[in-house]
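Throughout, a chain's letter reflects where its sequence line sits, starting with A, and its residues are numbered from 1. Note that these values count all heavy atoms, side chains included, but never hydrogens, waters or copies made by symmetry.
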Amino acid sequence: MALLEIKNLQVRVEEREILHGLTLTIDAGKVHAIMGPNGSGKSTLSHVIAGKPGYEVTGGEILFKGEDLLAMAPDERAAKGVFLAFQYPVEIPGVATMTFLRTALNAQRKARGEEEYSTPDFLKKVREISKSLNIPQDMLKRGVNVGFSGGEKKRNEVLQMALFQPSLCILDEMDSGLDIDALRIAADGVNALRSPERSMIVITHYQRLLNYIVPDVVHVMSKGRVVKSGGKELALELEASGYAQFEDAA
Amino acid sequence: MNVALVKNDSGPAASSVFAAAQGRLPGTGKVAEIRRDAFAAFERTGLPHRRIEEWKYTDLRALVRDVLPLAGAPDAAALARAKAAVAEAAIEGATKLVLVDGVVATDLSDLAALPSGVTVRMLRAVLDEQSNDSRADLLLTKTSDPMLSLNAALVTDGVVVTVADGTQLSSPLQLIHVATASKAARYSRSHVRVGQGARVTLVESAIAAAGAAAYQANDAAVVWVGDEAQLSHVRLMRDASDAVNVSSELFTIGAKSRLNLFNMTSGAAVSRLQAFFTMAGEGSELIVNGVNLLRDKQHGDMTLVVDHAVPGCTSRENFRAVLDDRAHSVFQGRIIVRQDAQQTDGKMMTRALLLSDEAEADSKPELEIFADDVSCGHGATAGALDDSLLFYLRARGLPEKQAQALLIQAFVGEAIEAIEDDHLRERVIASAQDWMEARA
Ligand SMILES: Nc1ncnc2c1ncn2[C@@H]1O[C@H](COP(=O)(O)OP(=O)(O)O)[C@@H](O)[C@H]1O
Ligand SMILES: [Mg+2]
């Protein structure tokens, strides 16, 4: 069954159309990669799915579990299971990571009508996850992402993914700024979350990441549209031939 | 400027208030003379207004208009309401000193159970004593200010606290100002002398008993921090939303000592804390943190004057304002470094968070430096919540108000964290959270 259906999506930013009728269907349990040159609209797509203000949807629709996603506030989308791992996670001084994690998790649970986590249960869970991601405990006492390296910020995104257990994970350029070791830790964390109920959209400019997170489907995006879709071999093809052919096609 | 030209509208009303209060003001002879002089000094300007430089942003003549009559003595019902309010404001384990409408309420205070090394007298009693002329200076300060003059003229009571040299208090002293009367004014003045090497936490709370509305509070505190002493002073100002509170605090800080002042104002329609610090002994440290949490049409002013009179002292001022609706916050910080005060290190920072387009923040930092080997500076910022941070939190499931609350908490947290006592700090955080919850 389709978890996410994007139909003919048209999006404007500051009077300029960035997505020109984008269509994409993602089934439950599948990992889709979206590849494309810089400026093709990948981050725009991820922001619109997550509900970032400032984007004007002028046409089309997005259905998530059959519901109109665009009608929901960003926090409702999160509670329903949408998770965006940001390309550039922000730093939030003065908000301890632990406080943030607990507040966010309990807000999502509350929105779903579930019981809040007790403190010991919560701490135990966070400890387990952070250990598997090689995140030191004292990092969690600091402000959210404050003083974190690029790799630490990305790992913190994966930690949240593991904690919130979303049904749709969107990873926007998770590989940017990571060395191979950091990339491997993050990718292992992501792979551990693959399940028949969980879908992923892995956005990347480079094929490299897809050696670690192997997709079921690969899409090529160019100038605000999906211009080609195929299996994982499409990524290798792109690596060899580059994006130029699609820029012309778009 | 010829002050006679700015004779104010409230003059006649104020003088009749002063005349009517005569029978209720403690002290005769020298004390009465000081009161008359102080009232005359007040009358030269009347309620301070925008043409008086120090009151430029807080024009009491426009904001307050009248000097209200002195509050009467509270009756039994009023005292019962005060008692309920005190119970809520009381800090666990603290020694309470309670003033109701500007008069010490002995029944509500812990006067019989003072920690050893602490003595407390009532200002009223001291002023009323025969041959009290030697104590008349309790009403005199070297700082001149119209509201402080009005306080000297009309003060009804206060506490005179002495903490003996070397006393280490393990729990706070808490001065609680309770208002029970409506459309009336109170004037209190307290003195606190922290002896050499003593260590004290002094909490000051301003609250309203149920039903108290539209009152005016004018409270003064004169504080000496002895050599090698440490005073943590935490003020929690939660007056009724239509009240006026003008507080004046004067500190003289001895050598190798430390004063850590924290003020949070969330109450009153119009409020001002004006604090004057004299660094009188070398090698001392002054830390001041202030938070204004204001909404509706509230006006809150924090005015700090730090006088570095001697070498080698440090002062740090950090002010945060969170402003919603049409609220107006003012920060004025003046650092004076006298010619002899070499190696002074004085800095101030003020930041305002504007939650509404109609909110307003004014800041006026001033450095007056007469020494050459000093390190002084100031900074100011004002702006809205960061949209990218808000979106990050919302994308993680926090509803809008909760996301805002978390960021506001982080913003004021940088001032609140200066409170050393864990329990007090938690109280202040909870109080800030109450304010945020009321937004939702
Ligand atoms: N906030 C914005 N304001 C104006 N233009 C924007 C904004 N965000 C993105 N764009 C433009 O939209 C296009 C797509 O950007 P983006 O979605 O970031 O692409 P990608 O992630 O594929 O590199 C680019 O041309 C970019 O300049
Ligand atoms: Mg991008």
Inspect the surroundings of [atom1] in [X] and state if more than 12 heavy atoms from other residues, nucleotides or ligands are less than 6.0 Å away.
X       : atom1 : result
K80(A)  : NZ    : no
K110(A) : NZ    : no
R316(B) : CZ    : yes
R12(A)  : CZ    : yes
K52(A)  : NZ    : yes
Y88(A)  : OH    : no

Checklist entry - When only pairs under 4.5 Å are counted, which of L389(B), L393(B), L407(B), L390(B) shares the most heavy-atom pairs with chain A? => result L389(B)
Checklist entry - With respect to chain A, which residue among Q409(B), Q402(B), R394(B) yields the maximal number of heavy-atom pairs within a distance under 4.5 Å? => result R394(B)
Checklist entry - Please, which pairs that meet salt bridge (charged side-chain N to carboxylate O under 4.0 Å, His left out) have at least one residue in residues 348-360 of chain B, sequence neighbours excluded? => result R351(B)-E414(B)
Checklist entry - What part of E91(A) lies closer than 4.5 angstrom to a heavy atom of chain B: side chain, backbone, both or neither? => result backbone
Checklist entry - A50(A) versus chain B, heavy atoms under 4.5 Å apart: side chain, backbone, both or neither? => result both
For [X] versus [Y], what's the shortest heavy-atom pair and its separation?
X       : Y       : value
S388(B) : V90(A)  : OG-CG1, 4.0 Å
A78(A)  : A395(B) : CB-O, 3.3 Å
P93(A)  : A410(B) : O-CB, 3.5 Å

Next on the checklist: Quick check for you: to the nearest 0.5 Å, what is the distance between R396(B) atom CZ and L163(A) atom CG?
Outcome noted: 11.0 Å
Checklist entry - Relative to each other, are the rings of F86(A) and F391(B) parallel, tilted or perpendicular (30° and 60° limits)? => result perpendicular
